[in-house]
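Take a look at the structure set out below.
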Amino acid sequence: MSAELTVLTLAALLQGLQFVLYAVPANRELGPGYTMSARDREPSRAMSDRTARLGRALDNHFEGLILFGIAVGVVQMSAQNTAFTAACAWVYLIARLLYIPAYALGLRPHRSFIWIVGFAATMLMLLAALV
């Protein structure tokens, strides 16, 4: 398996871990009555700031993972895997790993810089496939 596909697999596993990191405290804070409902109404109690941030970090990774998956797919299907695209993939994953605690702890502007690094790595992979 190529480095890019390995990283994509690890990024998907990270997404699963992020789901657990968010879902466990959200279920504790909101209660199973709400979390197992159709959620037609707002919850009667609010989540803690940290749990809400973990939820937003999860959503953010879903968005980033779409672009990263496209980048890996383009590189892989066009057989343009290089040391550069592999390095970009690893930078993306490391940035996503660092993003979770940075967002959960409310580290500003650090989380934004970390996000930019991961986004830039994804865009560079796509650009590399065009040249």
Side-chain angles (χ1 to χ4, degrees):
M1 183 177 340
S2 70
E4 295 85 353
L5 285 175
T6 299
V7 173
L8 180 59
T9 303
L10 293 172
L13 290 170
L14 176 62
Q15 187 72 356
L17 175 62
Q18 276 189 263
F19 175 76
V20 171
L21 291 174
Y22 165 67
V24 170
N27 276 291
R28 285 188 184 141
E29 294 173 18
L30 298 176
Y34 179 76
T35 58
M36 293 191 324
S37 73
R39 300 182 192 166
D40 293 329
R41 59 175 172 73
E42 292 296 315
S44 57
R45 17 180 193 190
M47 288 186 286
S48 68
D49 288 344
R50 181 170 292 162
T51 300
R53 285 189 211 118
L54 285 169
R56 290 191 298 275
L58 173 67
D59 291 343
N60 182 275
H61 192 205
F62 272 118
E63 295 165 2
L65 195 53
I66 291 167
L67 286 174
F68 181 68
I70 291 168
V72 170
V74 167
V75 166
Q76 193 68 35
M77 288 185 273
S78 63
Q80 295 190 62
N81 308 70
T82 65
F84 179 74
T85 60
C88 286
W90 285 108
V91 167
Y92 170 85
L93 184 62
I94 292 165
R96 293 315 308 184
L97 282 165
L98 295 173
Y99 187 80
I100 300 165
Y103 204 141
L105 297 171
L107 301 179
R108 295 179 320 219
H110 302 88
R111 75 171 175 87
S112 295
F113 292 132
I114 293 167
W115 180 89
I116 288 168
V117 168
F119 182 76
T122 301
M123 294 297 107
L124 288 171
M125 284 180 72
L126 288 166
L127 289 170
L130 289 175
V131 293

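Here the structure is a predicted model, which is why all the values come from computation and not from measurement.
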Separation of [Y] [atom2] from [X] [atom1] (nearest 0.5 Å):
{"X": "L10", "Y": "L17", "atom1": "CG", "atom2": "CG", "value": "12.0 Å"}
{"X": "L54", "Y": "D49", "atom1": "CG", "atom2": "CG", "value": "11.0 Å"}
{"X": "T9", "Y": "L5", "atom1": "OG1", "atom2": "CG", "value": "6.5 Å"}

Can I get a per-line list of side-chain donor-acceptor pairs under 3.5 Å for residues 120-128, giving both atom names and the distance, sequence neighbours left out?
residue: T122; atom: OG1; partner: G118; partner atom: O; Å: 3.1

With a cut-off of 6.0 Å (strictly less than), are more than 12 heavy atoms of other residues, nucleotides or ligands near OH of Y34? yes
Please list, chain by chain and in numerical order, all residues satisfying side chain to side chain donor-acceptor pair (under 3.5 Å) with D59, sequence neighbours excluded. none
Side chain to side chain donor-acceptor pair (under 3.5 Å) partner of Y103, chosen from R50, R108, R56, R53: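 It is R56, the one option of R50, R108, R56, R53 that forms the side chain to side chain donor-acceptor pair (under 3.5 Å) with Y103.
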Test item: R111 side-chain N/O and Y99 main-chain N/O as donor-acceptor pair under 3.5 Å: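 It does not hold such a pair.
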Where [X] and [Y] come nearest, the two heavy atoms and their spacing:
{"X": "W90", "Y": "A3", "answer": "NE1-CB, 4.1 Å"}
{"X": "V75", "Y": "E4", "answer": "CG1-OE2, 4.2 Å"}
{"X": "R41", "Y": "S44", "answer": "NH1-N, 4.1 Å"}
{"X": "I100", "Y": "L21", "answer": "CG2-CD1, 4.3 Å"}
{"X": "A26", "Y": "M47", "answer": "CB-SD, 3.8 Å"}
{"X": "V117", "Y": "A95", "answer": "CG1-CB, 4.3 Å"}

For a quick check under 3.5 Å, do S48 and E29 share a side-chain donor-acceptor pair by atom type?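 A pair is found: one side chain offers a donor N or O, the other an acceptor, under 3.5 Å apart.
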Note: with side-chain heavy atoms under 4.5 Å as the link, the other cluster members for L107 come out as L105
Name every donor-acceptor pair, under 3.5 Å, that has one atom in a side chain of residues 60-74 and the other anywhere in the protein, sequence neighbours excluded.
residue: N60; atom: OD1; partner: R96; partner atom: NH1; Å: 2.8
residue: N60; atom: OD1; partner: R96; partner atom: NH2; Å: 3.0
residue: H61; atom: ND1; partner: Q15; partner atom: OE1; Å: 2.5
residue: H61; atom: ND1; partner: Q18; partner atom: OE1; Å: 2.9
residue: H61; atom: NE2; partner: Y92; partner atom: OH; Å: 3.1

Sequence-distant partners of L98, side-chain contact (heavy atoms from CB on, under 4.5 Å), two or more places apart: I94, I114
Strictly by side chain to side chain donor-acceptor pair (under 3.5 Å), give each pair with a member in residues 67-77 just once, sequence neighbours left out.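 Output for this query lists S2-Q76, Q76-N81.
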